[in-house]
Amino acid sequence: MNWQDLLAIVSIAAIILGLIERAALSSITVKLNNIESSTNDIKVEFKQLRQDSHSADNRITKLEESVKTVHKRLDDMQEHCGKMHLE
């Protein structure tokens, strides 16, 4: 075996290893792209959940204020009825 044969074998081996490496990197790239896409979907869903939660908080605050007002009116009515009953 002369140096030309050895050089040809090494060249072929390098080409094969390069193809294997490229295939592995391609597979990793596809998987990373899928992970990125899933992460972006989760971010969008999380943002929507945050907006929904904020909206619910606002509605609850308004309901609490409304209930407080109704309780005040009921207390006033009870007081008024109590005064009428005493007369």
Side-chain angles (χ1 to χ4, degrees):
M1 180 185 286
N2 61 23
W3 66 273
Q4 290 175 338
D5 292 338
L6 185 59
L7 182 61
I9 291 172
V10 169
S11 296
I12 291 172
I15 290 170
I16 291 171
L17 288 175
L19 292 174
I20 291 171
E21 181 181 8
R22 180 178 289 170
L25 287 176
S26 176
S27 175
I28 290 170
T29 301
V30 168
K31 290 177 182 179
L32 286 174
N33 287 338
N34 289 340
I35 291 170
E36 180 183 27
S37 176
S38 296
T39 303
N40 289 337
D41 291 345
I42 291 169
K43 285 179 182 179
V44 168
E45 289 178 26
F46 187 74
K47 183 177 179 181
Q48 183 62 46
L49 285 172
R50 190 179 308 145
Q51 289 172 349
D52 292 347
S53 174
H54 183 69
S55 175
D57 287 345
N58 289 338
R59 290 193 328 252
I60 289 170
T61 300
K62 288 177 184 177
L63 284 171
E64 288 172 339
E65 292 170 357
S66 179
V67 167
K68 185 177 178 181
T69 301
V70 169
H71 278 285
K72 173 71 172 134
R73 288 180 186 164
L74 287 173
D75 289 343
D76 291 346
M77 288 174 70
Q78 282 179 332
E79 186 179 318
H80 181 70
C81 287
K83 287 181 183 177
M84 287 179 54
H85 181 63
L86 292 175
E87 293 175 357

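What you are looking at is a predicted structure, and each value in this text was computed from that prediction instead of being measured.
Judged purely by atom type and a 3.5 angstrom limit, Ser37 has no side-chain atom pairing as donor or acceptor with the backbone of Asn33. Using a distance-only test at 3.5 Å, with no hydrogens or angles considered, no donor-acceptor pair links the side chain of Ser53 to the main chain of Leu49. Side chain of Ser55 to backbone of Gln51: no donor-acceptor contact under 3.5 angstrom is found. Under the 3.5 Å distance criterion, the side-chain polar atoms of Ser27 are left unmatched by any main-chain donor or acceptor of Ala23. Ser26 contributes no side-chain N or O that, together with a main-chain N or O of Arg22, makes up a donor-acceptor pair within less than 3.5 Å.
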Self-check item: Criterion side chain to side chain contact (heavy atoms under 4.5 Å, CB included) on Glu64 and Ile60, from CA distance to verdict
Solution: CA-CA 6 Å; Glu64 288 172 339; Ile60 289 170; 3.8 Å; yes
Quiz item: Hey, mind stepping through Glu21 and Leu17 against side chain to side chain contact (heavy atoms under 4.5 Å, CB included) and telling me if it holds?
Solution: CA-CA 6 Å; Glu21 181 181 8; Leu17 288 175; over 6 Å; no
Quiz item: Passes side chain to side chain donor-acceptor pair (under 3.5 Å), Asp52 versus Gln48? Steps please.
Solution: CA-CA 6 Å; Asp52 292 347; Gln48 183 62 46; 2.8 Å; yes
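The distance from atom OG1 of Thr29 to atom CG of Asn34, rounded to the nearest 0.5 Å, is 11.0 Å. Note that CG of Leu7 and CD1 of Ile12 are 10.0 Å apart. Values are rounded to the nearest 0.5 Å. The distance from the CG atom of Asn58 to the CG atom of Leu63 is 11.0 Å, given to the nearest 0.5 Å.
Tested against Arg73 for a side-chain contact (heavy atoms from CB on, under 4.5 Å), the candidates Asp75, Thr69, Asp76 yield a single pass: Thr69.
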